[in-house]
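Down below is the structure, laid out as structure tokens.
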Amino acid sequence: MLIRTHNCGQLRESDIGATVRLNGWVNSYRGHGTGLVFIDLRDRYGLTQLVFDGEDLPKEVMDAADKLRNEDVLAVEGKVRIRTGGENPKLVTGKIEVVVSKLEVLNKTANPPFLPDDLNKLPNEELRLSYRYIDLRRPRMQQIMQMRHKLAKVTRDYFHENGFLEVDTPILYKSTPEGAREFLVPSRNVPGGWYALPQSPQLFKQILMVAGCDRYIQLCRCFRDEDPRADRQAEFTQVDLEMSFVRRDQVIDMMEGYVRRLWKEMCGYDVPPIQRMGYREAMERFGIDRPDTRYGLEITDISEIAGRSDVAFFKDALAKGADRPKFNSQRGVVKAIRVPGGAEKLSRKITDGYNEFVRGFGAGGCAVVKVNAQGAFETGIAKFLEGVKADLVSALKLEPGDTVLFVADTYAVCTKALGELRQKVARDMGVVPKPGAEGGPWNFLIVVDFPMFEKNKDTGKWVAMHHPFTAPNDDQRDAFVNAPVDDEVTIEAIVSAGYDIVLNGQEIAGGSIRIHDPAVQGKVFQLLGMTPEQAREKFSFLLEALSYGAPPHGGIAFGLDRLVMNFTGTDNIRDVIAFPKTQIGADLMTKAPSMVTEEQLKELYVKSTYTAPVK
RNA sequence: GGGGCGGUAGCUCAAUUGGUUAGAGUACCGGACUGUCGAUCCGGUGGUUGCGGGUUCGAGUCCCGUCCGCCUCGCCA
């Protein structure tokens, strides 16, 4: 075989005269019969034009060249020369060509179902996933894979330089059924026993801290058997880390350093100091714990004014949980979004849609008021607001041409509905900037002071907002340990030492200071409704470890796939994963998941209850 | 589990209200062609309209079911 001396993106004018060998795929064939044939040869690095000239080459070679087709795999030897037919400015190698003297067809391709071509419209994703090896040949996909590699390398460099140790943790792990649904793996050696695939290496990294590792990092695969989304796969990768002898600020500082290094090296962007915002403020102003602060459309609580209006459903909503403290999730509130210029841009049809939209989040509806050119309120509930018009104009800073969207319900419902509506309105109004990879702003935010617990809507029980190993913030420890278990108001107000990093309204990282104090950990389990026996059964290894000299510690995890999406400017997570899965967790190329034999199941003490439907 | 969109030649798409033999570009096959740049020109093969029922004189088109893909709500400690 003619082993390559160069790759297909390498040769320049300075190589003219050199005899070279290239290997690669036929990207395009431009033939003039057996007299003259041009081939663009492609590999991961680029394209180089090959010329087969009938005046110099024997007939057999010209015949073979004339039969070349897209995606054939070649090895050639030839001389580099200036292009006599004029340069091609589209290619970095466009000033030269290789005049072929020897041709080896290493693999004659079957007719491919599609060509790895970024110029034409892409075939449907089903086909791309079925023939992933062809799809991945596309320059765009090669670029994404290189970006992903670079991100991993910068990550390892940065954390290595900061004294972090990369440690592998098990993939076959213990089932801990809180949180996401797990993938299970039956054991052959322990009849009836099962492993679970880790949702994250959370407990292992904490135990590594107890083990004196001090600073841990891993680019780890995590598994959550939940339905995917455009930016979510059941199997995904985290930049997972943990630090000993730290409080919240030390972890956040290290993360800011990482983010700054990453953006600098990946796209030359200098990340400014990152603003912090409390969870409560984020929910009040933006209705979501990962606010997109690239645009306004903030939410205003107008409960007090609404209470003095004549709008019946405002008053009904405000009557809910009126005895509860201000930020109690079940307390009735009325909130509004001012949409500057909305009177013109948001048609009746669109605002009717908003009504339907907020119902999807449990709200009764969305009232709409337009401020006309004379400053008067129009539509719907306008006449019932007359008495408080001046107060609304002042509270919302209304101007002619504005639209105001109102939702009245409990704090939890109202906040969620308006938080989601705000993002929809922003898209409808066209005020969402382009993504960072396309020249838009990179807008970072660190969100802190999350509640430790929230009430599950269905069961009414407390659940950990982050996870059960998250510590209360340092100034809350005593209040937490001493809080009566049935004191909902106090418990709901306890703030954790958790933090999220938000980029353009997307959570890219989340973490916390962990509990290293068995008394605090016991209290958490108690609130979560776990008896000490149950807690010991599930997490004995952790509780035991914490009792043998656990240092204060904390950490964070970044979603690696989402980071790559940001740098490559794609909104499809499957584009940044070499071999992704579909909505039902299928791999269309390998056809996983697949049936297994009775013998395999028997050896694992497993019996399938599935019966194929009768056709 | 719920809602929405889609599935027509290898691929990307078209096909009037339900109406003749389902078309085009591209790929593929054959031919012509000595400076192309996603080469060009000529000719040709290629279809169980995802699958199964139903309505109808007649279904790619309408109805029901089902499978697959995508988006989304729930879910994702």
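What you are looking at is a predicted structure, and each value in this text was computed from that prediction instead of being measured. In what follows, chains are A, B, ... by sequence order, proteins preceding strands, each numbered from 1.
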Taking pairing as Watson-Crick or G-U wobble with both contacts under 3.5 Å, can you name the mate of [N], or confirm there isn't one?
N	result
B:U12	B:A24
B:U49	none
B:G18	none
B:C41	B:G31
B:C70	B:G4

Considering only atom [atom1], compute the distance from [N] to [M] and round it to an integer number of Å.
N	M	atom1	answer
B:U16	B:G35	P	46 Å
B:A59	B:U21	P	12 Å
B:G53	B:C67	C1'	15 Å
B:C73	B:A15	P	32 Å
B:C13	B:C57	P	36 Å
B:G7	B:U61	P	11 Å
B:C41	B:C51	P	35 Å
B:G2	B:U20	P	39 Å

Hey, are [X] and [Y] close enough for a salt bridge, meaning a charged N less than 4.0 Å from a carboxylate O?
X	Y	value
A:E71	A:R42	yes
A:D40	A:R30	yes
A:R248	A:D449	yes

Would you say A:R229 places a side-chain N or O within less than 4.0 Å of OP1 or OP2 belonging to B:C73?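 Answer yes for this pair, as a side-chain N or O of A:R229 is under 4.0 Å from OP1 or OP2.
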Would you say A:R232 reaches B:C75's phosphate, i.e. side-chain N/O to OP1/OP2 under 4.0 Å?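 The answer is no; no side-chain N or O of A:R232 sits under 4.0 Å from OP1 or OP2.
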Scan [X] against the nucleic acid and name what it touches under 4.0 Å (heavy atoms): base, sugar-phosphate only, or nothing.
X	answer
A:P468	base
A:R128	nothing
A:Q583	base
A:K416	sugar-phosphate
A:S200	base

Please state whether the base of B:G69 and the side chain of A:R574 form at least one donor-acceptor pair under 3.5 Å?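 No pair found.
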Hey, are [Y] and [X] close enough side-chain-wise for a donor-acceptor pair under 3.5 Å?
X	Y	value
A:T169	A:Q218	yes
A:Y354	A:D428	yes
A:S329	A:E492	yes

Which of parallel (below 30°), tilted (30 to 60°) and perpendicular (above 60°) describes A:F469 and A:F525?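 Ring orientation of A:F469 relative to A:F525: perpendicular.
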If you compare all heavy atoms of A:R427 against all heavy atoms of A:V432, which two are closest, and at what distance to 0.1 Å?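 Smallest interatomic distance, heavy atoms only, reads N-CG2, 3.8 Å.
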In whole Å, I'd like the distance from the [atom1] atom of [X] to the [atom2] atom of [N].
X	N	atom1	atom2	answer
A:E226	B:G74	CD	C1'	10 Å
A:D135	B:U12	CG	P	12 Å
A:E182	B:C76	CD	C1'	13 Å
A:D571	B:C70	CG	P	14 Å
A:M62	B:C33	CE	P	13 Å
A:F361	B:U72	CZ	P	12 Å
A:D231	B:U72	CG	C1'	12 Å
A:K67	B:G30	NZ	P	8 Å

What pairs of nitrogen or oxygen atoms, one from the protein and one from nucleotides 2-10 of chain B, lie under 3.5 Å apart?
unit_1	atom_1	unit_2	atom_2	d
B:G10	O2'	A:P113	O	3.1

What string of B, S and - do you get for nucleotides 34-49 of chain B, 5' to 3', when a contact is any protein heavy atom under 4.0 Å? BBBBBB----------
Atom pair CZ (A:F52) and CG (A:D63), whose distance is rounded to the nearest 0.5 Å: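 Going from CZ on A:F52 over to CG on A:D63, the span is 12.5 Å.
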Mind running salt bridge (Lys or Arg N to Asp or Glu O under 4.0 Å) on A:R514 and A:E242 for me, showing each step along the way? CA-CA 10 Å; A:R514 326 298 183 189; A:E242 196 77 6; 2.8 Å; yes
Can you confirm whether more than 12 heavy atoms, excluding those of A:K95, are under 6.0 Å from its NZ atom?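 Open.
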Inspect the surroundings of OH in A:Y131 and state if more than 12 heavy atoms from other residues, nucleotides or ligands are less than 6.0 Å away.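 Count not over threshold, so no.
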